[in-house]
Amino acid sequence: MKHAPFIAVEGPIGAGKTTLATMLAGELQLPVIKEIVEENPFLDKFYQNMDDWSFQLEMFFLCNRYKQLEDTVNQYIDKGKPVISDYHIYKNLIFGERTLKGTKREKYREIYHVLTDDLPKPDIILYIRADLGTLLARIAKRGRQFEEDIAPAYLQQLIEDYDAAMASLALTEPSTVIVTIDGNQVDFVENQADFTAIASQLKELMK
Ligand SMILES: Nc1ncnc2c1ncn2[C@@H]1O[C@H](COP(=O)(O)OP(=O)(O)O)[C@@H](O)[C@H]1O
Ligand SMILES: Nc1nc2c(ncn2[C@H]2C[C@H](O)[C@@H](COP(=O)(O)O)O2)c(=O)[nH]1
């Protein structure tokens with residue numbers, strides 16, 4: 001790779017993004033950028049009434065990620081330092097297209113493009129795919145109270161949205177390497193060999 005890579009771990013809710021990004025950062029001695037979740041004032045309200053709270057929530061995520069990405073550019077990318085993040089800013093569009101309707105969706109889409117089109121995109125995406133049963137089990141294991149009522153149908157839609165989004169990114173961002181990880185079969189938490197295989201593949205890609 002010509003320059004120090006910007007790596008993003010992606011996948012639907014509970015796929016293991018934060019876990020994998022943190023483990024890889026430790027193994028490869030990389031700085032890690034993590035999603036701000038617990039301080040989010042709208043998430044619990046959103047899960048109780050999506051239609052009422054989706055615009056506030058999506059705008060909050062977008063503004064937070066925009067600021068985090070700006071800081072990441074200044075601290076790492078512009079200085080030629082590699083960095084790993086537990087999300088790709090494109091997820092704002094994945095969620096926004098799913099949760100927003102009508103003019104709010106159109107306005108949000110415009111704001112997303114104005115804010116992000118000129119920002120650097122990850123060179124490598126580690127995309128963790130997992131089926132509904134796996135995601136529900138991991139969300140339950142994580143035990144966040146506000147996620148107890150996540151509708152399985154919403155999660156299933158997001159699984160499909162993520163697949164479509166990664167296929168679309170492969171076409172629109174052809175220089176991005178997308179590595180798909182089967183999160184149902186590959187267990188980087190319990191199985192050291194599985195983790196080592198992912199870390200080795202990433203090291204090769206970073207050369
Ligand atoms: N491969 C795995 N096997 C078992 N548990 C996992 C695995 N990946 C993640 N977990 C657990 O599942 C929960 C959700 O993982 P997390 O990394 O928070 O997902 P995400 O960031 O994608 O939402 C956490 O409790 C984590 O410890
Ligand atoms: N509607 C949206 N919800 C989002 C977005 N990003 C994250 N989330 C939710 C999903 C989880 O409940 C929680 C943490 O996300 P993880 O994927 O790290 O588990 O926040 C979003 O952009 N829109």
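Model, not experiment: these values are computed from the prediction. Order of appearance sets the numbers: ligands from 1, and atoms from 1 within every ligand.
- A donor-acceptor distance shorter than 3.5 angstrom exists from the side chain of Q68 to the backbone of K34, with no hydrogens or angles considered.
- For the 3.5 Å distance criterion, the side chains of N92 and Y66 fail to qualify, holding no donor opposite an acceptor.
- Enumerated by chain and number, the residues approaching ligand 1 to less than 4.0 Å through a heavy atom are P12, G14, A15, G16, K17, T18, T19, R138, K141, R142, D187, F188, V189.
- A distance-only check finds a donor-acceptor pair linking the side chain of K17 to the backbone of P12 [under 3.5 Å].
- Ranking protein heavy atoms by distance to atom 14 (C) of ligand 2, first place goes to R144 NH1, 3.6 Å.
- Near K91, meaning under 4.0 Å from one of its heavy atoms, ligand 2 places the atoms 6 (N), 17 (O).
- Within the structure, the closest approach of R65 to ligand 2 falls below 4.0 Å when heavy atoms are considered.
- Taking a cut-off of under 4.0 Å to the non-hydrogen atoms of F46, the atoms of ligand 2 that pass are 1 (N).
- For D86, no heavy-atom contact with ligand 2 is shorter than 4.0 Å.
- Using a 3.5 Å distance cut-off with no hydrogens or angles, the side chains of E173 and Y90 do not pair a donor with an acceptor.
- The shortest separation from a heavy atom of Y47 to ligand 2 is under 4.0 Å, placing the residue in contact.
- Although no hydrogens or angles enter the test, the distance criterion places no donor-acceptor pair under 3.5 Å between the side chain of D78 and the main chain of N74.
- In this pair, Y127 and Y162 present their aromatic rings parallel. The plane angle is below 30°, not in the 30 to 60° band.
- Between the side chain of D123 and the backbone N or O of P5, no donor-acceptor pair lies under 3.5 Å.
- The side chain of L43, and not its backbone, has at least one atom closer than 4.0 Å to an atom of ligand 2 (non-hydrogen atoms only; side chain from C-beta on).
- Comparing E147, M59, R98, M50 against atom 13 (C) of ligand 2, the shortest heavy-atom distance belongs to E147.
- When distances from atom 16 (P) of ligand 2 to the protein are checked, a heavy atom turns up under 4.0 Å.
- Between the N184 side chain and the D131 main chain, a donor and an acceptor come within less than 3.5 Å of each other.
- Contacts with ligand 2 closer than 4.0 Å are made by heavy atoms of both the backbone and the side chain of I13.
- At least one N or O atom of R142 sits closer than 3.5 Å to an N or O atom of ligand 2.
- In this structure the side chain of Y76 never reaches within 4.5 angstrom of the side chain of K79, judged on heavy atoms.
- With contacts defined as side-chain heavy-atom distances shorter than 4.5 Å, the pair L169/H88 qualifies.
- Closest to atom 23 (N) of ligand 2 among all protein heavy atoms lies E58 OE1, 2.7 Å.
- The protein heavy-atom contact nearest to atom 8 (N) of ligand 2 is F61 CZ, 3.4 Å.
- Side chains of L126 and I181 form a contact here, defined as non-hydrogen atoms less than 4.5 Å apart.
- The protein atom (non-hydrogen) at minimum distance from atom 2 (C) of ligand 2 is F95 CD2, 3.2 Å.
- Of the possible polar contacts, one joining the T176 side chain to the P122 backbone as a donor-acceptor pair under 3.5 Å is found.
- Between the side chain of R129 and the backbone N or O of D182 there is no donor-acceptor pair closer than 3.5 Å.
- A heavy-atom separation below 4.0 Å is found between Y154 and ligand 2.
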